[in-house]
Amino acid sequence: MKVIVFLGPTLSRVQAEAILDATYLPPAKQGDLLNCAVNLGPDAIVLIDGYFHQEQSVWHKEILFALSHGIRVYGCSSMGALRAAEMKEFGMIGHGVVYERYACGDINDDDEVALLHTDESHGYLQASEAMVNVRTTVSAATVAGILNRHDSEVVLRLYKSQH
């Protein structure tokens, strides 16, 4: 089975290669899934990371194109979770906690998973934090008694207001 994975800051390629034998490509931008479907002939595409603002985002129509040509398309973690929740009605398959939060409507904005990062040559070092990670950390701090409910809400509101 030929699997193509779009991966960047979410997980290192070395870690990913230990889990799955696949062809790993950088985070997806608009046109990458279409190009992959037409030129690489995969059996499956796994969308983990993709661009939000630095480049045009993966287009829903290219996911539909891949699906219509019998290519299984999976999404998780970041851009993949977002697109999988948006495209589940059309056959895209989502996995993971972030996907589940999008799918049930608990979260719905792009900033929940969007982050700024360097390119592959600099190891995709993160320059920001995804809102979904901030929510998880604040929740854990609240459960542990480090933050009270009011302070948790203030932290989330302040972080959410940042670009």
Side-chain angles (χ1 to χ4, degrees), residues 1-60 62-67 69-88 91-104 106-107 109-141 143-144 159 162-163:
M1 175 185 294
K2 186 173 184 178
V3 179
I4 307 293
V5 179
F6 290 93
L7 180 65
T10 296
L11 184 69
S12 78
R13 182 178 281 194
V14 170
Q15 291 172 305
E17 288 173 341
I19 298 167
L20 179 66
D21 181 25
T23 299
Y24 290 90
L25 299 176
K29 60 186 179 305
Q30 192 174 82
D32 285 347
L33 270 73
L34 179 62
N35 182 51
C36 173
V38 170
N39 296 315
L40 300 180
D43 298 301
I45 296 172
V46 180
L47 177 61
I48 298 174
D49 292 310
Y51 287 102
F52 286 90
H53 299 293
Q54 307 94 316
E55 303 276 350
Q56 293 293 317
S57 297
V58 170
W59 203 18
H60 299 86
E62 59 191 298
I63 295 168
L64 289 172
F65 179 86
L67 291 168
H69 283 80
I71 301 168
R72 287 172 293 194
V73 183
Y74 299 88
C76 63
S77 298
S78 184
M79 172 65 77
L82 173 61
R83 287 295 185 260
E86 294 168 338
M87 303 297 292
K88 68 181 178 179
M92 187 170 178
I93 302 163
H95 289 282
V97 173
V98 177
Y99 163 74
E100 292 296 334
R101 291 186 73 186
Y102 272 119
C104 77
D106 183 37
I107 58 175
D109 295 332
D110 289 359
D111 73 346
E112 294 292 339
V113 292
L115 56 89
L116 297 172
H117 57 82
T118 62
D119 63 14
E120 186 174 17
S121 69
H122 293 97
Y124 298 113
L125 295 174
Q126 295 182 17
S128 68
E129 192 63 55
M131 187 70 200
V132 70
N133 293 341
V134 174
R135 287 185 192 284
T136 301
T137 301
V138 168
S139 176
V143 169
Y159 199 84
Q162 301 298 309
H163 176 64

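Each residue takes its place number in the sequence, starting with 1. FYI, side chains are in, hydrogens and waters are out, and symmetry mates aren't considered; it's all heavy atoms of this structure.
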request  = Determine whether the aromatic ring centres of H117 and Y51 lie less than 6.0 Å apart.
outcome  = yes
inquiry  = Between D32 and V58, is there a side-chain heavy-atom distance shorter than 4.5 Å?
reply    = no
message = Between V38 and H69, is there a side-chain heavy-atom distance shorter than 4.5 Å?
response = no
key: Inter-residue atom distance R72.CZ - M1.CE, 0.5 Å rounding   = 3.5 Å
ask   = Backbone N or O of L116 within a donor-acceptor pair of the S128 side chain at under 3.5 Å?
value = yes
ask   = Atom CD1 in I63, atom CG in L33: separation rounded to 0.5 Å?
value = 6.0 Å
message = If the condition is side-chain hydrogen bond (donor to acceptor under 3.5 Å, both in side chains), which residues does D119 pass it with, not counting sequence neighbours?
response = S121, H122
request  = Check for a donor-acceptor pair, side chain of Q15 on one end and backbone N or O of S12 on the other, with a separation under 3.5 Å.
outcome  = yes
Heavy-atom pair with the smallest gap, counting every atom of P42 and I4 = CB-CG1, 3.6 Å
ask   = Looking only at heavy atoms, which two atoms of R83 and S57 are closest? And how far apart?
value = NH2-CB, 3.5 Å
inquiry  = Using every non-hydrogen atom in the two residues, find where F65 and L34 come nearest and quote the distance to one decimal.
reply    = CD2-CD1, 3.5 Å
ask   = For the side chain of Y74 and the backbone of A84, is there at least one donor-acceptor N/O pair under 3.5 Å apart?
value = no
ask   = Can any side-chain N or O of S139 pair as donor or acceptor with the backbone N or O of R135 at less than 3.5 Å?
value = no
task = Could you tell me the separation between the OG atom of S77 and the CG atom of L82, rounded to the nearest 0.5 Å?
result = 12.5 Å
task = Look at the side chain of D49 and the backbone N and O of G8, then say whether any donor-acceptor pair between them is shorter than 3.5 Å.
result = yes
task = Could you give me the CA-CA distance, side-chain angles and deciding distance for I107 and V132, then say whether side chain to side chain contact (heavy atoms under 4.5 Å, CB included) is met?
result = CA-CA 8 Å; I107 58 175; V132 70; 4.2 Å; yes
key: D21 atom CG, over 12 foreign heavy atoms within 6.0 Å   = no
key: Main-chain N/O of Y24 paired with R13 side-chain donor or acceptor, under 3.5 Å   = yes
ask   = Looking only at heavy atoms, what is the nearest atom pair of E120 and P26, with distance?
value = OE1-CG, 4.0 Å
query = Do L7 and P27 come within less than 4.5 Å of each other through their side chains, counting heavy atoms only?
reply = no
Residue pair L64, M87: steps toward the side chain to side chain contact (heavy atoms under 4.5 Å, CB included) verdict = CA-CA 8 Å; L64 289 172; M87 303 297 292; 3.5 Å; yes
ask   = Has E55 got more than 12 heavy atoms of other residues, nucleotides or ligands less than 6.0 Å from its CD?
value = yes
message = Using modelled atom types and a 3.5 Å cut-off, is there a donor and acceptor pairing between side-chain atoms of Q30 and backbone atoms of Q56?
response = no
Residue pair V3 / V46, side-chain heavy-atom distance below 4.5 Å = yes
note = dist L67:CG -> I93:CD1 (nearest 0.5 Å) comes out at 8.5 Å
message = Could you walk me through whether L47 and M79 satisfy the side chain to side chain contact (heavy atoms under 4.5 Å, CB included) test, starting with their C-alpha distance in whole Å, then the side-chain angles of each, then the deciding distance to 0.1 Å, before giving a yes or no?
response = CA-CA 7 Å; L47 177 61; M79 172 65 77; 4.0 Å; yes
task = Answer yes or no: is there a donor N or O on one side and an acceptor on the other, between the side chain of N39 and the main chain of C36, under 3.5 Å?
result = no
A85 backbone acceptor or donor facing Y99 side chain under 3.5 Å = no
query = Any side-chain heavy atom of S78 sitting closer than 4.5 Å to one from F52?
reply = yes
task = Rounded to the nearest 0.5 Å, what's the gap from CG on L25 to CG on L40? Could you check?
result = 7.0 Å
query = So, E112 and R101, do they make that salt bridge, N to O below 4.0 Å?
reply = no
remark   = The reported gap from CD in E86 to NE2 in H60 (rounded to nearest 0.5 angstrom) is 3.5 Å
message = side chain to side chain contact (heavy atoms under 4.5 Å, CB included), that's the test. Do V113 and V98 meet it? Break it down for me.
response = CA-CA 8 Å; V113 292; V98 177; 3.6 Å; yes
